[in-house]
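Because the structure is a prediction, the values reported are computed rather than measured.
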Amino acid sequence: MANKLINQMGLPKSIANIFTARNIITAKDALSLTEFELMELLDVGMAEVAYAMAHISEVVCPPCQTALLLMEQRVRNESLAGHLPTRLKGLDEALCGGIPFGVLTELVGPPGIGKTQFCLKLSLLASLPANFGGLDGRVIYIDVESKFSSKRLIEIGTKSFPEIFHKKGMAQEMAGRILILRPTSLSEFAESLHRIKVSLLQQQVKLLIIDSMAALVLGEHDCGASRQQALGWHVSFIKSLAEFSRIPIVLTNQVRSQMGDESLMYSFQAQSRPTKEDIPVTFDSHLVAALGINWAHAVTIRLVLESKSGQRFIKLAKSPISPPLAFPFDITSSGIVLLDDNGIEMKGPEINNIHCQGPNALLNF
């Protein structure tokens, strides 16, 4: 609006012509000067200058919007963007429909907590026919740590959707819609991303899963600076894939031990540093997500999977549309199931801390 031409703003021709003659062409040109400077340049009185400035300001100033109008616009945009329902009722309600399209969703947690189980279920949901609530598309699954199990995938499908998987040939058809890639280096991973960008539209891909980013970066970079530089390029490219294709992209991340005051670095999670006396002497380790602060800000949704006091939880730790919530869950033959759809609202240090009972192999990013 600042570059809008003054002679197209409906000013009287006599005034508009004076602006043009003095080479004041756009709204920006006029509004960059004071009224006294304009009086001197245009050689007109204060009344004419004040009238012209008020009119130009009114034309280029964006209209005021109510909170209700902004909310309605957001609802319309979200309905156009779409979601992949997780079939976990409480989590889907908190996310206004499920895993959102066009952004990055992160699953973070210690080994064995259920991240890959979650990814397998999402793969099935994206490949299901539309009349069964799926996206009726293909899935690209980048399996960095070779944890993908076709046997477990079919088991989850058979238990969750028996009406589909008990039909002859349907199990093979659903599994055939999931393309597995296993890059062994960051360079191979980068090549895979470029190929994926071409095939996203051609092959009707409806979901991209990367399991896991931390394993890729840790495998090649020991130095923090070079690691963050490599990670920065890849996360930028992955974000552009999400925005270009408008599909959900789910990435898994690992955990590491918490050091010093770094828990205060995340602007979307405010907490106070616990004192030494506040830390219980138990086997319950306090961990944080790997990959650093730049990565944390790149993801739109962060789901933390943890184990505390003998119970597993999914924590909605970061979301632009929901408060931090925790849902108890279990892993069954049909995949992850919530034990309670009413999320527990989290506050303070519990938002950022990741609990894991027992000894674990930790990463030091």
Side-chain ion pair, Asp136 and Arg177, N-O less than 4.0 Å: yes

Looking only at atom types and distance, does a side-chain atom of Arg195 sit under 3.5 Å from a main-chain N or O of Ala190, one as donor and one as acceptor? no

Determine whether Leu339 and Leu305 fall in the same hydrophobic cluster, where Ile, Leu, Val, Met, Phe, Trp and Tyr are linked whenever their side-chain heavy atoms lie under 4.5 Å apart. no

From Lys206 atom NZ to Ile140 atom CD1, the distance as rounded to the nearest 0.5 Å: 13.0 Å

According to a 4.5 Å side-chain heavy-atom criterion applied to Ile, Leu, Val, Met, Phe, Trp and Tyr, with indirect links allowed, do Leu107 and Val337 form part of one hydrophobic cluster? no

CD (Glu163) and CZ (Phe161) are apart, to the nearest 0.5 Å, by 7.5 Å

Ring centroid separation His194 to Phe237 under 6.0 Å: yes

For Phe148, what residues pass the ring-ring contact (aromatic ring centres under 6.0 Å, His included) criterion, not counting sequence neighbours? Tyr141

Euclidean distance, Ile164 CD1 relative to Glu173 CD, rounded to 0.5 Å: 10.0 Å

Between Lys308 and Glu306, does any NZ, NE, NH1 or NH2 come within less than 4.0 Å of an OD or OE carboxylate oxygen? no

Distance-only donor-acceptor hits, side chain of residues 125-132, under 3.5 Å, sequence neighbours excluded:
unit_1	atom_1	unit_2	atom_2	d
Ser127	OG	Ser123	O	3.1
Ser127	OG	Leu124	O	3.0

As an exercise, state the distance from CZ of Arg256 to CG of Leu287, rounded to the nearest 0.5 Å. 10.0 Å

Check whether Met46 and Ile18 end up in the same hydrophobic cluster, where Ile, Leu, Val, Met, Phe, Trp and Tyr are linked by side-chain heavy atoms less than 4.5 Å apart. yes

Using 0.5 Å steps for rounding, measure from the CD atom of Gln117 to the CD1 atom of Ile331. 5.0 Å

Would you find a donor on one side and an acceptor on the other, under 3.5 Å apart, between the side chain of Asn253 and the backbone of Ala290? yes

Do Phe19 and Ile25 share a hydrophobic cluster (ILVMFWY, side-chain heavy atoms under 4.5 Å, transitive)? no

Value rounded to 0.5 Å, distance of CE in Met53 from CG in Leu38: 5.0 Å

Mind checking whether Phe101 and His83 have ring centres under 6.0 Å apart? no

Hydrophobic cluster identity match, Ile154 and Ile336, side-chain contacts under 4.5 Å: yes

One thing to verify: whether Asp143 and Arg182 come together as a salt bridge, which I'm taking to mean a side-chain N less than 4.0 angstrom from a carboxylate O. yes

Should Asn17 and Thr20 be marked as a side-chain hydrogen bond (donor to acceptor under 3.5 Å, both in side chains) after you check the CA-CA gap, both sets of side-chain angles, and the distance that decides it? CA-CA 5 Å; Asn17 289 339; Thr20 303; 5.2 Å; no

Test the Lys315-Phe327 pair against the cation-pi criterion, namely NZ or CZ under 6.0 angstrom from the six-membered ring centroid and within 45° of the ring axis. no

